Amino acid sequence: MFGEKFVLLQQEGFLTQSSLSQGLTNLRKANMGDKEKGLFYSAFFQLSIGIERLMKLTILLEYMLENKLEVMTDKQLKHQYGHKIKDLYSSIKSIAVRHDLPVDGFYHDGIEWSMIHFIHEFALTARYYNLSKLSGGSNTNDPLSEWWDIIYDIYLDEVAETKRNKISKKCYSICDANGSNSFTYHHDFHGNIMTEFEFLLYPKIIEASSPHATWFIIKILKPIFNVMRELQFKVQELEHDLGEDRSVIPCLHEFFPFLCSTRNMALRRKSWG
């Protein structure tokens, strides 16, 4: 029989695993079409939840390590950190330093940091953007617009120039064959009316960039996962030292094998379930 702490941590592991894997899958599949656009929101919700909970699990493990397997109170965990992804991320890095773990995988600039900032803003306010904008109270930017800017940076930095040229050439050739490049009834993520060329090109940009976007998310998660895994091992050693007759925590790292993916694996993978 396992105790209540074990069962609750196990359930949290399942929840976090599901949130991250579904978020990565939806991010990989999302695009500008009517059937795919909603997947962006699903991805942002699931990733913001999964990343937050993975970091809170890590913070909880350190607390258990330092307090003889006692857990933080709800007030400590919820009100001290809330949904502030950047604060949690900084806390995980500080934990790594305190336990002499590598910190070179943590980011403070580049596309990775732009993603962390984006998820931070989405978790706090941007997830309410549509309804807030309707009611005249929005104080944040459209998350789809913000994400497009990140995706386009990835497209320029990560997608080979030869592939980019091939995509543009194909879209131009379709316009030439139709003898038209007029405006459409469709809007891009910044709210601008798209030309026929843009209507063809922009989904191709997202399709080419999305595998790299999922890899960037994996890169962000890897150092968090590594800290969590090392703390888990230390807490399990503490269980033994205190003479616990049954496990207090499950092997949490086993919930997240996909976070061990290499770049090539991540770029090829479409489903993360």
Side-chain angles (χ1 to χ4, degrees), residues 20-44 46-47 105 107-119 121-122 126 141-222 258-259 261-272:
L20 290 175
S21 60
Q22 289 181 28
L24 289 167
T25 299
N26 288 333
L27 190 66
R28 183 68 173 80
K29 294 179 178 179
N31 213 308
M32 300 186 78
D34 292 343
K35 294 182 179 180
E36 298 90 17
K37 186 178 289 187
L39 294 176
F40 280 115
Y41 294 107
S42 296
F44 302 155
Q46 295 289 354
L47 288 173
Y107 296 95
H108 56 83
D109 56 17
I111 292 174
E112 293 88 352
W113 182 250
S114 295
M115 284 184 163
I116 293 168
H117 176 76
F118 172 86
I119 295 168
E121 291 297 322
F122 187 84
N141 295 324
D142 183 350
L144 291 183
S145 173
E146 295 289 298
W147 186 251
W148 169 258
D149 291 341
I150 292 173
I151 281 290
Y152 195 69
D153 284 343
I154 291 174
Y155 184 67
L156 296 179
D157 290 350
E158 301 296 325
V159 179
E161 184 178 4
T162 53
K163 184 173 182 177
R164 299 200 311 267
N165 290 338
K166 184 177 180 180
I167 290 172
S168 295
K169 185 177 180 180
K170 183 175 182 179
C171 294
Y172 274 124
S173 67
I174 294 173
C175 291
D176 289 342
N178 294 334
S180 175
N181 186 26
S182 59
F183 286 103
T184 68
Y185 290 103
H186 302 276
H187 294 80
D188 64 19
F189 287 157
H190 285 294
N192 302 312
I193 297 175
M194 291 188 286
T195 64
E196 293 177 41
F197 171 72
E198 291 167 338
F199 179 72
L200 294 168
L201 177 65
Y202 289 177
K204 296 293 185 183
I205 289 175
I206 295 171
E207 184 181 338
S209 304
S210 291
H212 298 278
T214 57
W215 167 238
F216 274 71
I217 296 293
I218 294 293
K219 286 202 294 179
I220 291 167
L221 291 170
K222 276 180 178 288
F258 52 90
L259 295 185
S261 299
T262 64
R263 180 178 183 274
N264 288 336
M265 292 168 60
L267 294 181
R268 290 195 305 267
R269 191 167 181 175
K270 295 182 179 180
S271 177
W272 294 84

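What you see is a predicted model; the values in this text were computed from it and never measured.
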- Message: Holding to side chain to side chain contact (heavy atoms under 4.5 Å, CB included), I want the full list of residues that pass it with S271, two or more places apart in sequence or in another chain.
- Response: T25
- Query: Can any side-chain N or O of N192 pair as donor or acceptor with the backbone N or O of D188 at less than 3.5 Å?
  - Reply: no
- Task: Compare every heavy atom of C175 with every heavy atom of L200, then report the nearest pair and how far apart it is.
- Result: CD1-SG, 4.0 Å
- Query: Above 12 or not: heavy atoms from other molecules or residues under 6.0 Å from CZ of F118?
  - Reply: yes
- What about F40 and F189, are their ring centers closer than 6.0 Å? yes
- Message: Using modelled atom types and a 3.5 Å cut-off, is there a donor and acceptor pairing between side-chain atoms of N181 and backbone atoms of F197?
- Response: yes
- Message: Donor-acceptor check, side chain of S261 to backbone of F258, threshold 3.5 angstrom: yes or no?
- Response: yes
- Give the intermediate values and the outcome of side chain to side chain contact (heavy atoms under 4.5 Å, CB included) for residues E158 and F216. CA-CA 11 Å; E158 301 296 325; F216 274 71; 3.6 Å; yes
- Shortest non-hydrogen pair, L47 vs L20, comes out as CD2-O, 4.0 Å
- Item | side chain to side chain contact (heavy atoms under 4.5 Å, CB included) between I119 and I220, worked out | CA-CA 11 Å; I119 295 168; I220 291 167; 5.6 Å; no
- Message: Please check if the number of heavy atoms outside N165 that lie under 6.0 Å from its CG is greater than 12.
- Response: yes
- Message: With a 3.5 Å distance limit and no angle check, can you tell me whether K29 reaches the backbone of K270 through a side-chain donor-acceptor pair?
- Response: no
- Task: Verify, without hydrogens or angle tests, whether R28 (side chain) and T214 (backbone) share a donor-acceptor contact under 3.5 angstrom.
- Result: no
- Item | OG1-CZ distance between T184 and F199, expressed to the nearest 0.5 angstrom | 6.5 Å
- Any idea which heavy atoms bring V159 and S209 closest together, and the distance? CG2-OG, 4.3 Å
- Query: In Å and rounded to the nearest 0.5 Å, what is the CG to CZ distance from L39 to F44?
  - Reply: 10.5 Å
Using atom types as modelled, flag every donor-acceptor pair under 3.5 Å from a side chain in residues 146-156 to any protein atom, sequence neighbours excluded.
{"from": "E146", "atom 1": "OE2", "to": "N141", "atom 2": "ND2", "distance (Å)": "3.3"}
{"from": "D149", "atom 1": "OD1", "to": "H190", "atom 2": "NE2", "distance (Å)": "2.9"}

- Task: Scan residues 198-221 for pairs that pass salt bridge (Lys or Arg N to Asp or Glu O under 4.0 Å), counting only residues two or more places apart or in two chains.
- Result: E112-K219
- Message: I need the L259 CG to S21 OG distance, nearest 0.5 Å.
- Response: 10.0 Å
- Message: Donor-acceptor check, side chain of D142 to backbone of L144, threshold 3.5 angstrom: yes or no?
- Response: yes
- When rounded to the nearest 0.5 angstrom, what distance separates CD in E36 from CE in M32? 11.0 Å
- Task: Nearest 0.5 Å please: distance from the NE2 atom of H108 over to the CD1 atom of I116.
- Result: 10.5 Å
- Of all heavy-atom pairs linking F122 and P143, the shortest is CD1-CB, 4.0 Å
- Note on the structure: The reported gap from CG in L27 to CH2 in W272 (rounded to nearest 0.5 angstrom) is 10.5 Å
- A43 and G23 have their tightest heavy-atom pair at CB-O, 3.5 Å
